[in-house]
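Quick note on labels: first sequence line is chain A, next is B, and so on, each numbered from 1. It should be emphasised that the depicted structure is a prediction, and the values quoted were computed from it without experimental measurement.
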There are 2 protein chains.
Amino acid sequence: MLNKSALVYDDLMQKIDQEVYELGTYLPSENQLCQLYGISRETGRKALGLLAENGYIQKIRGKGSLVIEHRQYEFPVSGIVSYKELAQKMHVTTENLVYSFESPVALPVQAFASLGGEVKPVPVTAIKRVRIIDGEPDIIDKDYILTSVVPDIPKRAAADSLYAYFEGELGLDIAYATKEITMEPANSEDREQLGLDKGAYMAVVRSVTSLADATAFQYTESRHRADKFRFRDFARRTK
Amino acid sequence: MLNKSALVYDDLMQKIDQEVYELGTYLPSENQLCQLYGISRETGRKALGLLAENGYIQKIRGKGSLVIEHRQYEFPVSGIVSYKELAQKMHVTTENLVYSFESPVALPVQAFASLGGEVKPVPVTAIKRVRIIDGEPDIIDKDYILTSVVPDIPKRAAADSLYAYFEGELGLDIAYATKEITMEPANSEDREQLGLDKGAYMAVVRSVTSLADATAFQYTESRHRADKFRFRDFARRTK
DNA sequence: AATATAAACTTGTTTAGACAAGTTGTCAAT
DNA sequence: ATTGACAACTTGTCTAAACAAGTTTATATT
């Protein structure tokens, strides 16, 4: 059972997606939302604030909440969304080929190093996967998960969805991630796994994922074929 | 004069940056903030919510607001930040070379086309600039600004900062932007302006910027040398 | 007809209070 | 020494109310 503002957010978001509220029109006013959902104004405003933040609406003082053009669901970088979740929303067929699985193994992972100290080897589960999208291998994912947080990862979880295992089965509360995108020449592993020529480029997304108690527990290096990579973002100007 | 919650946000943010509140420690509790700033709890919570959203803190129920590692200021993609603003925060020397300026000119810009209709030529100001960072030309920016919104752009504004001109002098209220990052081979214009070899790759950021009344008025194509490009992002998991 | 005014809407900000729920330390009973 | 209950903290959610400020419409005045 979610809270009221989240329920209102979901409902409005769905109705925008289904064009019950069409692009270029206004949502019901805040007072109308109070009556429609039986909530207080601040609760409705919390839902509207989330919609604005995520690019569904633009609030205009004195007028209302205007439905604006919204980015379609895009590929695997925007926000924290698991592969499986994305594939479902995008209606593409994806396969997941685990070609390396080591557990436990001690590796010096920069992301898990304490501040200022040197990078010591820590026990992790190391997983390497190739993502096959519509029959074509496009992405290599290398995951390093702290053994101290997740002692054991069944191989079926790696082949299916790590996030579903962490959240659904272990009850971990995944809160946030920092990501960095760079462009780098393909290495021999890239070329081998994805069948690329020499001189090919890769979009590399490195990310550190943390739980609600702020412990960083997962480091991921996601290497995308440059010609297939696309990242979309919605940003608001802060003053 | 900003509102109270924004003032509290700014103050806390600065104190985190200056390590008055250190990484790994907790901010004053919400009730303490009420007393410290003479505000109500909800006002303080609004400031804390913004800090959490922007990756400064992690709120932990029952414990407090933990200061977490925050991305340093990064390259010109995250959020809507003007070049000049970024250069100042990053302490790098930047130059701005305007090598093409056409106004007004009728161009068919996809971003300004009405929904579903064909792409008709519209009057815009077209500006092409090379960004020179620490003495090296790294980025080409191509801007197309709707003449119907901004009738006239002085050349000094293009050489200095378009944002400063739009916001400071014209009083435009810039609200949000959608961005798309792709990787593409360098074209002849890229190679010529930036002095690149054949086979070089570019990170291309295409963005559409809109005002507070939701009118899209600026389309920008920003082409970065691949080896200099870096994009950092902070994302929260939504449930 | 044109203009100014006022009323009725809209969103933006802030307050004070209540209750729920997670965390921590104290203190008493075992 | 261990356990259990409780109190005192923390954040999370929600409400009702007030006032400010921008937009629109209707009305009265000129």
Side-chain angles (χ1 to χ4, degrees), chain A residues 1-12 21 24-53 56-68 171-173 175-176 211-215 236-239, chain B residues 1-12 21 24-53 56-68 171-173 175-176 211-215 236-239:
Chain A
M1 174 61 180
L2 289 173
N3 52 39
K4 287 192 190 180
S5 57
L7 289 174
V8 174
Y9 171 83
D10 286 343
D11 192 59
L12 291 174
Y21 300 123
T25 66
Y26 288 91
L27 295 186
S29 77
E30 295 177 354
N31 281 320
Q32 287 173 324
L33 291 180
C34 295
Q35 295 191 334
L36 277 173
Y37 293 100
I39 55 176
S40 73
R41 195 175 149 221
E42 278 300 330
T43 301
R45 280 180 63 77
K46 203 171 280 183
L48 292 177
L50 268 180
L51 288 172
E53 193 184 304
Y56 287 92
I57 62 172
Q58 172 69 10
K59 304 199 74 182
I60 305 178
R61 184 201 284 229
K63 302 184 85 170
S65 297
L66 183 67
V67 179
I68 60 179
L172 294 185
D173 192 359
Y176 61 90
L211 301 176
D213 64 0
T215 56
R236 289 198 167 269
R237 172 98 166 136
T238 57
K239 285 152 202 165
Chain B
M1 173 62 179
L2 290 171
N3 53 39
K4 289 191 189 179
S5 57
L7 289 173
V8 174
Y9 171 83
D10 286 343
D11 192 60
L12 290 174
Y21 300 123
T25 66
Y26 286 91
L27 295 186
S29 76
E30 295 178 354
N31 281 321
Q32 287 173 323
L33 291 179
C34 296
Q35 294 190 337
L36 278 173
Y37 293 99
I39 54 175
S40 72
R41 196 177 148 217
E42 279 298 333
T43 301
R45 280 180 61 78
K46 205 173 277 184
L48 292 176
L50 268 180
L51 288 171
E53 189 184 314
Y56 287 92
I57 63 171
Q58 171 69 10
K59 304 200 74 182
I60 305 178
R61 185 201 284 227
K63 301 184 86 171
S65 296
L66 184 67
V67 180
I68 60 179
L172 294 186
D173 192 359
Y176 61 91
L211 301 175
D213 65 0
T215 56
R236 290 198 167 270
R237 171 101 167 133
T238 57
K239 284 150 201 165

Quickly work out the Ile60(A) CD1 to dT23(D) C1' distance and round it to whole Å.
11 Å

Contact under 4.0 Å: Lys59(A) side-chain N or O vs dG12(C) OP1/OP2
yes

Should the side chain of Glu42(B) and the base of dC14(D) be counted as holding a donor-acceptor pair, with the cut-off at 3.5 Å?
yes

Counting the atoms with a prime plus P, OP1 and OP2 as sugar-phosphate, which does Leu48(B) contact under 4.0 Å by heavy atoms, base, sugar-phosphate, or nothing?
nothing

Taking the side chain from Gln58(A) and the backbone from Asp213(B), do they hold a donor-acceptor pair closer than 3.5 Å?
no

Over 12 foreign heavy atoms within 6.0 Å of CD, Gln35(B):
no

Can a side-chain donor-acceptor contact be found between Asn31(B) and Ser29(B) if the only test is distance below 3.5 angstrom?
no

From CG of Asn3(B) across to P of dT13(C) the rounded distance in Å is 5 Å

Lys4(B) NZ - dA18(D) C1' separation (whole Å):
14 Å

side-chain N/O Arg45(B) vs dG12(D) OP1/OP2, d < 4.0 Å:
yes

How many whole angstroms separate atom CG of Asn31(A) from atom P of dT23(D)?
18 Å

Please tell me if Ser40(B) has a side-chain N or O lying less than 4.0 Å from either OP1 or OP2 of dT14(C).
no

